[in-house]
Amino acid sequence: MTALQLEKIDKYFGKTKAVDGVSLEVQENEMFFLLGTSGCGKTTTLRMIAGLEQVDGGAIRIKGRDVTRLTPQKRQIALVFQNWALFPHKTIRDNIGFGLKMQKQPKTDIDAQVENMLQVVGLPGFEDRLPGQLSGGQQQRVALARALVLNPNLLLLDEPLSNLDLNTRLRMRSELVEVHRRLGLTTIFVTHDQTEALAMADRIALMEDGKLLEVGTPHEIYESPHTEFTARFIGEKNSLQGTVSAVSDTEQQVRFNEDSYLSVPVSSKHPVQEGDRVTVFINAEKIRFFKADADTGGDNYFQGTVENIMYLGTSNKYSVKLQTGETIVHDQQTTQDAPKYEKGDRLQVHLDPAHCICIKEKQ
Amino acid sequence: MQASENQSGKPSGSRQMPIDWPDVGFKVFCFVILAYLVLPVIMVIPTAFTESVRITFPPQGFSLKWFQKFFTNPLWLNAFKNSLIIAVSTCVISIGLAIPTSLAFRKRFPGKFTLRLIILMPWFVPEILIGIGLLMFVPKIGLYGNYLSVIIAHTLWGLPISFLIISTGLNSVDPALEEAAQTMGSNSLRVFFEVTAPLIKNALVSAVLFCFVLSFNEFVMSYFLCTPDIMTLPINIWSMLRTGFSPIVAASSTVVILITLGELVLISRFIGFQTLYK
Ligand SMILES: Nc1ncnc2c1ncn2[C@@H]1O[C@H](COP(=O)(O)OP(=O)(O)OP(=O)(O)O)[C@@H](O)[C@H]1O
Ligand SMILES: [Mg+2]
């Protein structure tokens with residue numbers, strides 16, 4: 001069953017179109033991510049789902065019910081704000097119990113549910129504190145508890161982890177996934193952090209400039225993006241520009257200059273014709289290095305020279321200038337048996353055709 | 001440790017601090033300014049405790065009989081009561097209007113700028129002009145000699161001042177808090193009472209106190225509108241002065257000053273005036 005359906009929703013702020021014809025469907029119990037750069041309209045989309053902004057066009061359905069014109073308090077959704085928006089003048093008990101109080105539940109019921117919820121988010125005994133007396137991570141959990149206790153149709157999260165330090169953020173990621181798995185709540189998570197989206201999402205929707213570009217599982221988005229924007233945005237990809245010089249049933253040749261070309265398998269997602277200008281993308285970690293004198297032979301091997309090495313802890317990032325003139329980067333895990341190369345070393349670079357994504361350039 | 005022993009233990013002649021004349025001068029200057037501000041206000045207080053029947057300075061002897069007279073004389077007592085009724089009503093009406101107005105002014109709407117000017121204008125127009133205007137207007141609507149006329153006049157001041165104070169308070173409220181309450185099922189009334197009002201509590205209390213002081217001490221507009229029935233305390237002080245400076249006037253002035261000071265103390269407890277010197 002579809003938990004949420006957006007049908008071509010638009011939002012204008014004055015003359016700027018903040019959200020432009022966004023349509024999507026979120027399934028029951030799904031952990032759905034809205035991912036995009038700053039200012040692309042993620043928050044605005046989320047606020048329209050919550051009813052805090054009116055749509056200027058299109059329709060919103062929650063569990064099949066048209067809520068486009070309903071006020072926020074009638075939509076039975078819960079929203080966790082980026083700054084959590086805990087009521088500073090209310091205790092943790094009153095913060096979490098707020099929605100239940102609005103439903104006019106008896107006080108003893110509320111207290112029991114609050115206690116139970118604090119158990120769920122791992123903060124038992126914090127009932128009588130004020131939000132100001134909690135750490136960032138604890139406040140984040142209270143915000144989550146305040147949303148979960150209402151058992152909403154939809155849980156909306158607007159960058160809930162971006163105010164936390166790295167370690168807490170990583171811990172909260174797995175806790176959120178765990179809570180989501182346990183309670184099975186349809187969740188829409190807004191973030192500009194792709195690693196967060198890749199790590200937690202069932203599906204990711206990529207937004208750019210108010211438009212929805214594509215929707216897919218983390219694997220699909222990362223390994224076989226539909227659009228050039230996605231290819232550039234997700235992961236660290238190398239891009240090489242060339243011209244399609246030959247197309248067979250299974251393979252296509254992308255030529256960079258007279259004596260260097262790349263063979264890439266034909267993809268139904270990205271059909272090309274001979275003569276098309278294309279960009280070939282390959283993820284930085286998918287590249288492989290071989291010694292300059294290694295007997296490799298075959299297609300897709302290029303000679304290159306190491307231009308720069310950056311030490312990143314878990315990996316070394318190599319910049320290699322290819323004989324075609326382009327520079328590519330490669331992330332090599334710093335495992336013990338990985339061969340080391342020095343700046344200025346000559347080597348061979350293998351671009352595995354299976355990992356090459358060939359996308360036609362826009363005219 | 002050693003260093004501090006050296007300093008506090010045996011101050012040697014060479015260590016003596018030279019007198020910082022500019023600093024001393026500045027302190028004296030501040031003191032003079034302070035005296036200049038305070039003395040005229042409190043001058044009258046000692047004269048209220050005199051034993052003689054005429055005001056003298058310095059006062060002779062000590063007695064509370066003038067206060068006793070003030071609180072037993074029906075004329076004074078009535079003026080005092082009128083002032084209280086008018087001040088409390090002004091507070092209620094001003095705040096009651098200022099809250100929805102300042103809430104509305106957080107949104108955009110056509111004519112917002114002009115409307116703000118209109119609300120604030122009475123605060124900047126000379127009182128005497130408002131007084132003349134009211135004197136022409138009030139009898140027309142049949143309110144001359146009615147409490148309501150003075151209350152309306154004072155609200156012309158109370159509304160802009162409480163509008164300013166409450167608006168400033170609202171500026172510091174994170175709209176996400178109110179939106180959060182909305183998504184959790186509160187209608188706008190409950191959002192106000194559960195979230196907004198507690199967060200701007202200090203601004204609300206200050207607005208009430210400011211309105212009260214303004215109304216309680218207001219003279220010019222009341223002078224135009226007061227009939228003997230609705231005589232306020234400042235007007236009564238004024239009319240008594242014309243017949244001679246009896247110590248009962250000093251006693252009533254002292255009452256006014258003490259009430260005003262009390263309110264100031266309350267206001268500074270609530271908004272702390274930190275905003276002014278931070
Ligand atoms: N209340 C508003 N008035 C005018 N313009 C707005 C308003 N809210 C958002 N915008 C504009 O709409 C666009 C989308 O904003 P939105 O807040 O949805 O971005 P976002 O994707 O959430 O970005 P971020 O990751 O920085 O939070 C931006 O260009 C922004 O300037
Ligand atoms: Mg945002």
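Naming convention: chains lettered A, B, ... in sequence-line order (proteins, then strands); numbering from 1 in each chain. Small disclaimer: the values here were computed from a predicted structure and weren't measured.
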request  = List the steps, then state whether side-chain contact (heavy atoms from CB on, under 4.5 Å) holds for R47(A) with E179(B).
outcome  = CA-CA 10 Å; R47(A) 288 172 58 84; E179(B) 291 175 346; 2.7 Å; yes
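- For I77(A), the parts lying near chain B are the backbone and the side chain together; criterion is any non-hydrogen pair under 4.5 Å.
- Both the backbone and the side chain of F87(A) come within contact range of chain B, judged by heavy atoms closer than 4.5 Å.
- Between L177(B) and P88(A), the shortest heavy-atom distance links the atoms CD1-CD, 3.8 Å.
- The OG1 atom of T183(B) sits 12.0 Å away from atom CG of L154(A), with the distance rounded to the nearest 0.5 Å.
- Dense packing is recorded around CZ of F13(A), with more than 12 heavy atoms of other residues, nucleotides or ligands lying under 6.0 Å away.
- Only the backbone of L86(A) has a heavy atom closer than 4.5 Å to any heavy atom of chain B.
- In terms of heavy-atom proximity, N187(B) sits nearest to Q73(A) at CA-NE2, 3.6 Å.
- Both the backbone and the side chain of K101(A) come within less than 4.5 Å of a heavy atom in chain B.
- Around atom OH of Y36(B), no more than 12 heavy atoms belonging to other residues, nucleotides or ligands sit under 6.0 Å away.
- Annotation for K74(A): atom NZ does not count as buried by contact number, only 12 or fewer foreign heavy atoms lying within 6.0 Å.
- Side-chain contact between E194(B) and M102(A) is present, with at least one heavy-atom pair separated by less than 4.5 Å.
- Heavy atoms closer than 4.5 Å to chain B are found nowhere in D94(A), neither backbone nor side chain.
- Using a 4.5 Å cut-off on side-chain heavy atoms (C-beta onward), Q182(B) and T71(A) make no contact.
- Open room surrounds OH on Y12(A); 12 or fewer heavy atoms of other groups in view lie less than 6.0 Å from it.
- Annotation: the span from N95(A) atom CG to M184(B) atom CE amounts to 7.0 Å, rounded to 0.5 Å.
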